[in-house]
Amino acid sequence: MIDLRSDTVTKPTSGMLEFISNAQVGDDVYGEDPTVNELQRRVAELFGMDRALFFPTGTMANQAAVKLHTQPGEQLICHEYSHVYNYEGGGVSFNSGVSCKLIGGDRGMITASEVEQAINPPDFYHSPLTSLVCVENTTNKGGGACYELDELQRIRDLCDRQGLRYHLDGARIMNALVAKNEDPTRYGRIFDTISVCFSKGLGAPLGTVLAGKQEVMEKAMRIRKVLGGGMRQIGYMAAAGLYALDHHIERLAEDHQRALEIALVLKGQSYVKEVEPTETNIVIFYLDDHIDETKFMKDLEQKNVKIGSMGQGKLRMVTHLDYSQDMHETLLELLGDYGA
Ligand SMILES: *Cc1c(COP(=O)(O)O)cnc(C)c1O
């Protein structure tokens, strides 16, 4: 099966499994798991942040960040495609009692001037108080698009002027760092908190680390506990994260190259209406009007290829660690032959 629904479908490699089985562990609720401590230290250091905390999922890390930065009744600003708004079960209202002010914009990205217009004037007490801006890099529903650092910095400057906090949903930040050849410490200087997923392109079974400034992260342990995220000998999973940091980052460039090649082949097909720009490992495309989406996906599945649908005609393929060169060549051929 060639499974391109998501980069979360990967299974640990034998090297990762071996590293996991050799991990030193302890009870992390007592802060005594050396492997968890090591992963947290490594991620904090990578981004030049003060502290970091290991979470079971990216959703929980984002939810903790929103809770850290807001009070009930307040409002956060994010893109209408964003994961915190669309794919976390309404958690920002459930867990933090906040609402979202949504911005539309190019492939899941927002600009400083759009954010500026979305801020409610603090003295206008009829509106919710704006307290947080969340951005995604790379964007998920936006098709793996990468921000320009300058734009992220302009939003930071605006947050400073307006007294807002600033969170990066960096589920795929490693993809952005590799694609743009950027220095992660620049991100550490721009954001108050950054979440980094290990279960996406990095190929670990689970785990997200939230990195942040000291004064913010002090409360993060309590919030993680309240959300049910205190774990015991979780060093086995932190080991997967450490292994991924050492072995699975540079290879993301291969995923990006393959995604680009898929996009190029799709562009040449009469059954494809449009392919969005492909910057990292996500390819988003739309079928021509006379092609039935359900049938298309079924036809592919019959040839052992699974892809994802994001609604409104948006189809998605995501390349990853378990998508090999052999599979890639098979897929390109299949896409070229489809409908012929
Ligand atoms: C996957 C993802 C998350 C976290 O998802 P979990 O399944 O909870 O780990 C957060 N943000 C974005 C943009 C994602 O793609």
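Atoms considered below: every heavy atom in the structure, side chains included; atoms not considered: hydrogens, waters and symmetry mates. In each ligand, atom 1 is the first atom listed, and ligand 1 is the first ligand listed. We count residues from 1, following the sequence as given.
Residues forming a side-chain hydrogen bond (donor to acceptor under 3.5 Å, both in side chains) with K295 (at least two apart in sequence, or on another chain): D299.
A salt bridge does not link E45 to R42: none of the charged side-chain nitrogens sits closer than 4.0 Å to a carboxylate oxygen. Between D192 and K213, at least one side-chain nitrogen of the basic residue sits less than 4.0 Å from a carboxylate oxygen of the acidic one, meeting the salt-bridge criterion. Under a 4.0 Å N-O distance rule, the pair R154/D150 does not qualify as a salt bridge.
Looking only at protein heavy atoms, the nearest one to atom 8 (O) of ligand 1 is T59 OG1, 2.6 Å. For atom 9 (O) of ligand 1, the closest heavy atom belonging to the protein is G58 N, 2.9 Å.
With ligand atoms numbered from 1 in the order given, ligand 1 contributes 10 (C), 11 (N) to contacts under 4.0 Å with heavy atoms of N62. Listed by number with element, the atoms of ligand 1 under 4.0 Å from a non-hydrogen atom of A171 are 2 (C), 3 (C), 10 (C), 11 (N), 12 (C), 13 (C), 14 (C), 15 (O). Taking a cut-off of under 4.0 Å to the non-hydrogen atoms of E136, the atoms of ligand 1 that pass are 13 (C).
Put simply, the residue from Q325, E329, H328 that forms a side-chain hydrogen bond (donor to acceptor under 3.5 Å, both in side chains) with R258 is Q325.
Residue pairs meeting the salt bridge (charged side-chain N to carboxylate O under 4.0 Å, His left out) criterion with at least one member in residues 228-242, sequence neighbours excluded: D27-R232.
Note on ligand 1: R172 sits in its first shell, one or more heavy atoms being nearer than 4.0 Å.
Remark: aromatic rings of F47 and F191 are distant, center separation not under 6.0 Å.
In terms of N/O distances under 3.5 Å, ligand 1 is approached by N140.
At a heavy-atom distance under 4.0 Å, only side-chain atoms of D169, from C-beta outward, approach ligand 1. Proximity of K200 to ligand 1, defined as any heavy-atom pair under 4.0 Å, is confined to the side chain (atoms from C-beta onward). Here V84 has no heavy atoms under 4.0 Å from ligand 1, in either its backbone or its side chain.
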